[in-house]
*Asks:* 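First the structure, then my questions, so here it is.
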Amino acid sequence: MLDLVESKLSQHEAFRADVLAGLSQRQKTLPSRWLYDQRGSELFEEITRLDEYYLTRTETAILRRHAEEMGALCGERVVLLEYGAGAAIKSEILLDALRAPRMYAPIDIAADFLSQTVERFRDRFPDLPTRPIIADFTADFDIPADVPARPRAAFFPGSTLGNLLPLDACALLRRMREHVGSSGKAIIGVDLRKDIETLIAAYDDKQGVTAEFNLNLLVRINRELDGDFALDAFAHEARWNERESAIEMHIVSLKPQAVSVTGRSFAFAEGETIHTETCRKFDVAGFAHSAQRSGWRVDKLWSDPAGLFAVFGLSAET
Ligand code: AVJ
């Protein structure tokens with residue numbers, strides 16, 4: 001686990017390495033985790049309030065309607081580990097339904113954003129120990145020894161699992177399984193496949209908030225890596241990839257141009273893109289299969305009347 005200073009330094013080095021490597025690929029690609037600097041995290045919170053972005057309100061409604069059952073599945077005196085906590089709005093619903101929860105441990109790479117969440121939780125749940133963990137949950141990391149070992153439940157809402165490659169998604173489900181142990185539980189939210197128009201609109205809203213969220217990555221490169229991206233020479237695009245069953249976010253070059261980053265020059269043809277995020281869309285059978293392959297038993301499935309989103313209740317397979 002990283003302390004604040006360590007995390008900032010290593011993050012900067014990691015960001016620099018990912019950007020230089022990503023812009024050198026035939027299909028230029030940047031890992032989506034770099035979308036979440038302070039401004040990126042704020043823009044994402046704005047996205048969650050957009051009409052087109054149905055995911056957050058649909059999942060929140062499912063959590064509100066079935067919170068008691070989720071609390072019963074998790075059990076008494078549980079330690080709740082939340083992966084990619086961000087603003088942790090949804091965890092309040094689950095924590096309110098848990099029976100005498102023992103601790104809330106939000107895990108996130110955005111250290112600053114995490115400390116704000118912890119502050120808010122200390123007011124909202126004054127009797128609940130809150131233990132932030134600054135870590136990149138897409139890679140192996142250990143839960144600190146001061147977090148009680150049993151019982152534990154993992155909470156992973158928001159369909160963030162969809163940002164990972166299928167093998168990485170299974171690796172993360174397996175990591176969660178290890179973190180919670182043989183008596184552990186998990187509550188995981190995933191967005192379901194649906195008509196392409198609805199999906200594209202959710203990732204390319206009329207107000208342009210998602211466009212700003214995507215292009216903010218260029219702003220970050222200019223600020224932190226001495227880049228000279230001309231923002232008005234690039235545009236946001238959301239695409240449907242049938243083979244991957246995924247929405248992809250791309251940044252499109254509107255003309256032939258060269259961009260300098262940390263003194264290195266990168267050429268862009270007109271129409272060439274930087275692939276910045278993949279958001280996989282699941283079906284129930286596909287998710288259940290991945291969960292079973294990763295040491296989990298699917299105990300519960302909660303969804304909305306229109307079948308837009310699904311929340312799974314999992315138990316560790318012993
Ligand atoms: C936070 C990763 C779940 O994939 O829907 C929202 C991020 N990207 N709009 C998603 C996102 C563009 C979001 N996740």
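Note that the numbering runs from 1 along the sequence shown for the chain. Note that these values count all heavy atoms, side chains included, but never hydrogens, waters or copies made by symmetry. Ligands are counted one by one from 1 in listed order, and the atoms in each one are counted from 1 as well.
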*Asks:* Give a yes-or-no answer on whether the side chains of Y54 and D191 include a donor-acceptor pair shorter than 3.5 Å.
*Replies:* yes
*Asks:* Pairs under 3.5 Å, N/O atoms on ligand 1 and on the protein: can you put them in a table with the distances?
*Replies:*
| residue | atom | partner | partner atom | Å |
| --- | --- | --- | --- | --- |
| ligand 1 | 5 (O) | Y53 | OH | 2.6 |
| ligand 1 | 5 (O) | Y203 | OH | 2.7 |
| ligand 1 | 8 (N) | E277 | OE1 | 2.6 |

*Asks:* For Y104, does the six-membered ring have the charged nitrogen or CZ of R131 within the cation-pi criterion, i.e. under 6.0 angstrom from the centroid and within 45° of the normal?
*Replies:* no
*Asks:* Please work out whether the ring planes of Y83 and F156 are parallel, tilted or perpendicular, with thresholds of 30° and 60°.
*Replies:* perpendicular
*Asks:* What class does the angle between the rings of H250 and H275 fall in, given that below 30° is parallel, 30 to 60° is tilted and above 60° is perpendicular?
*Replies:* parallel
*Asks:* Can a cation-pi geometry be assigned to K300 and F312, taking NZ or CZ under 6.0 Å from the six-membered ring centre and within 45° of the ring axis?
*Replies:* no
*Asks:* Between the side chains of S245 and K281, does any donor sit under 3.5 Å from an acceptor?
*Replies:* no
